[in-house]
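Working notes, beginning with the structure itself.
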Amino acid sequence: MPELPEVETIAKELREKIVNEVFSNVESIWVRSFTQEKGLTLTNRRIIAIDRRGKYLIFNLDKYYLVIHLRMTGQLIVGASKPSRDRYLRLVFKFKSGKYLLFYDLRKFGRIYLTQNPENVLKNVGVDAISEVFTADKFSEMLNGKKSKIKSFLLDQKNIAGLGNIYIDESLFEARIHPETVINSLDDGQKNKLFTAIRKILFDAIDNMGTTISDYKTTGGGFGDHQEYLKVYQRQNQPCIICDSIIEKIKLNGRGTHFCPQCQKKIT
DNA sequence: CTAATCACCTGAAGGC
DNA sequence: TGCCTTCAGGTGATTA
């Protein structure tokens, strides 16, 4: 479900809603959703700050860290009460104030870790796509000598953290680059254009509070708006908004991949 | 190193 | 209606 803009939206809301809350207890309805390192407990820990890296949320506690990945269908909802019996409710975090942080996750892929050191969880997570250290020069340097397809590279979180299937397809369209383009055939102009496109697409999506296709919700249970602005993602068989060609959908790395065959010419 | 495949899960949608 | 297949925004492990 959520990529960087959705997680960023959730992080902002959680900062407003639960910073300074003190955990009272956790109820694990689906135990695999929550793991804690040996000897650590969440009880009495206060939330000092909430950070994000790629698609991960990091709760900085007065001791320890809570690291969260929502994967495909995870949702974090802040509530005043505990629902009696919700089908997809997996974890219930109770605060001493009486508030609740509820973790819903239909497909049960999401994970929440209590750890001494966030790097234990984030060791394979690369530079965040909207951080200041991710620059055009850095991007160009990362692409140097690479032989894989550009979309495969962008999907791999140890390269750049935060991009997923939706925003990669949208960024490649914005930059007019075919998703199967081999990296070492990109020229400097294209690399720069792609860098600019990635940032624009992500910041626009954040402004729209993310994209709700099926499961993504904000912490109050609301939806994002960015699905209204998608130009290629899930627009297969519809006309390109630039040139009227029919948007195609192929499989790349097992993922649905959308592009305009006219605007994003394949270089061979 | 890359690439492909599976595994983890549940549900929706489409074909017959 | 029902059965079967495929697909879904993610990632880690394993195998080639």
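Values reported hereafter were calculated over all heavy atoms of this structure, with side chains retained and with hydrogens, waters and symmetry mates removed. Letters A, B, ... mirror the listed sequences (proteins, then strands); counts begin at 1.
- Taking 4.0 angstrom as the limit, A:His69 places a side-chain polar atom (N or O) nearer than this to OP1 or OP2 of C:dT11.
- A straight line from CG of A:Leu252 to P of B:dT2 spans 15 Å, rounded to a whole angstrom.
- No engagement by A:Gly110 is indicated, since no non-hydrogen atom pair under 4.0 Å with the nucleic acid exists.
- In this entry the distance linking CZ of A:Phe109 with P of C:dA8 reads 13 Å, nearest Å.
- Although no hydrogens or angles enter the test, the distance criterion places no donor-acceptor pair under 3.5 Å between the side chain of A:Arg176 and the main chain of A:Gln190.
- The side-chain hydrogen bond (donor to acceptor under 3.5 Å, both in side chains) contacts involving residues 126-149 of chain A comprise A:Arg52-A:Asp128, where partners must be two or more places apart or lie in separate chains.
- As rounded to whole Å, 11 Å separates atom P of B:dT5 from atom NZ of A:Lys251.
- Donor-acceptor pairing under 3.5 Å is lacking for the side chains of A:Tyr104 and A:Thr73.
- Taking atom OH on A:Tyr104 and atom P on B:dT10, their separation rounds to 17 Å, with Å as the unit.
- Under the side-chain hydrogen bond (donor to acceptor under 3.5 Å, both in side chains) criterion, A:Thr115 pairs with A:Glu37, A:Asn120, sequence neighbours left out.
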> In dot-bracket notation, what is the pairing pattern of DNA chain C, taking Watson-Crick (N1-N3 plus N6-O4 or O6-N4) and G-U wobble (N1-O2 and O6-N3) contacts under 3.5 Å, with [ ] crossing and | for other strands?
Replying inline: .|||||||.|||||||

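- With sequence neighbours excluded, no residue forms a salt bridge (charged side-chain N to carboxylate O under 4.0 Å, His left out) with A:Asp51.
- In this structure, A:Glu8 does not pair ionically with A:Lys55, as no charged nitrogen and carboxylate oxygen lie closer than 4.0 Å.
- Nearest nucleotide to the A:Lys249 side chain, out of C:dT11, C:dC7, B:dC9: C:dC7.
- Between the CD1 atom of A:Ile168 and the C1' atom of C:dT11 there is a distance of 13 Å, given to the nearest Å.
- Judged purely by distance below 3.5 Å, without hydrogens or angles, the side chains of A:Tyr56 and A:Gln157 never pair a donor atom with an acceptor atom.
- Within residues 218-234 of chain A, no residue places a heavy atom under 4.0 Å from DNA chain B.
- No side-chain donor-acceptor contact under 3.5 Å links A:Tyr88 and A:Asp105.
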I'd like a list of close polar pairs between nucleotides 11-13 of chain B and the protein, N/O only, cut-off under 3.5 Å.
{"unit_1": "B:dG11", "atom_1": "OP1", "unit_2": "A:Arg87", "atom_2": "NE", "d": "3.4"}
{"unit_1": "B:dG11", "atom_1": "OP1", "unit_2": "A:Arg87", "atom_2": "NH1", "d": "3.4"}
{"unit_1": "B:dG11", "atom_1": "OP1", "unit_2": "A:Arg87", "atom_2": "NH2", "d": "2.6"}
{"unit_1": "B:dG11", "atom_1": "OP1", "unit_2": "A:Tyr88", "atom_2": "OH", "d": "2.7"}

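- For a distance-only test at 3.5 Å, the side chain of A:Arg255 fails to qualify as a donor-acceptor partner of the base of C:dA8.
- Of all the residues in residues 146-159 of chain A, A:Gln157 reach under 4.0 Å from DNA chain C with at least one non-hydrogen atom.
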In a table with atom names and distances, give each donor-acceptor pair under 3.5 Å that connects a side chain of residues 16-29 of chain A to protein atoms at least two apart or in another chain.
{"unit_1": "A:Lys17", "atom_1": "NZ", "unit_2": "A:Thr219", "atom_2": "OG1", "d": "3.1"}
{"unit_1": "A:Glu21", "atom_1": "OE1", "unit_2": "A:Ser97", "atom_2": "OG", "d": "2.6"}
{"unit_1": "A:Glu27", "atom_1": "OE1", "unit_2": "A:Lys82", "atom_2": "NZ", "d": "2.7"}

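- Judged as a side-chain hydrogen bond (donor to acceptor under 3.5 Å, both in side chains), the pairs with a partner in residues 199-208 of chain A (not counting sequence neighbours) are, in order, A:Lys200-A:Asp204, A:Asn208-A:His226.
- For A:Asn44, the side-chain hydrogen bond (donor to acceptor under 3.5 Å, both in side chains) partners two or more places apart in sequence, or in a different chain, are A:Lys96.
- Judged as a side chain to side chain contact (heavy atoms under 4.5 Å, CB included), and not counting sequence neighbours, the contacts of A:Ala136 are A:Asn192, A:Phe195.
- The phosphate of C:dG12 has neither OP1 nor OP2 within less than 4.0 Å of any side-chain N or O from A:Arg111.
- Here the P atom of nucleotide B:dC9 and the NZ atom of A:Lys108 are 7 Å apart, to the nearest Å.
- Distance A:Glu180 CD to B:dA4 P: 10 Å, rounded to the nearest Å.
- Scanning for side-chain hydrogen bond (donor to acceptor under 3.5 Å, both in side chains) contacts around A:Thr257 gives A:Lys151, with sequence neighbours left out.
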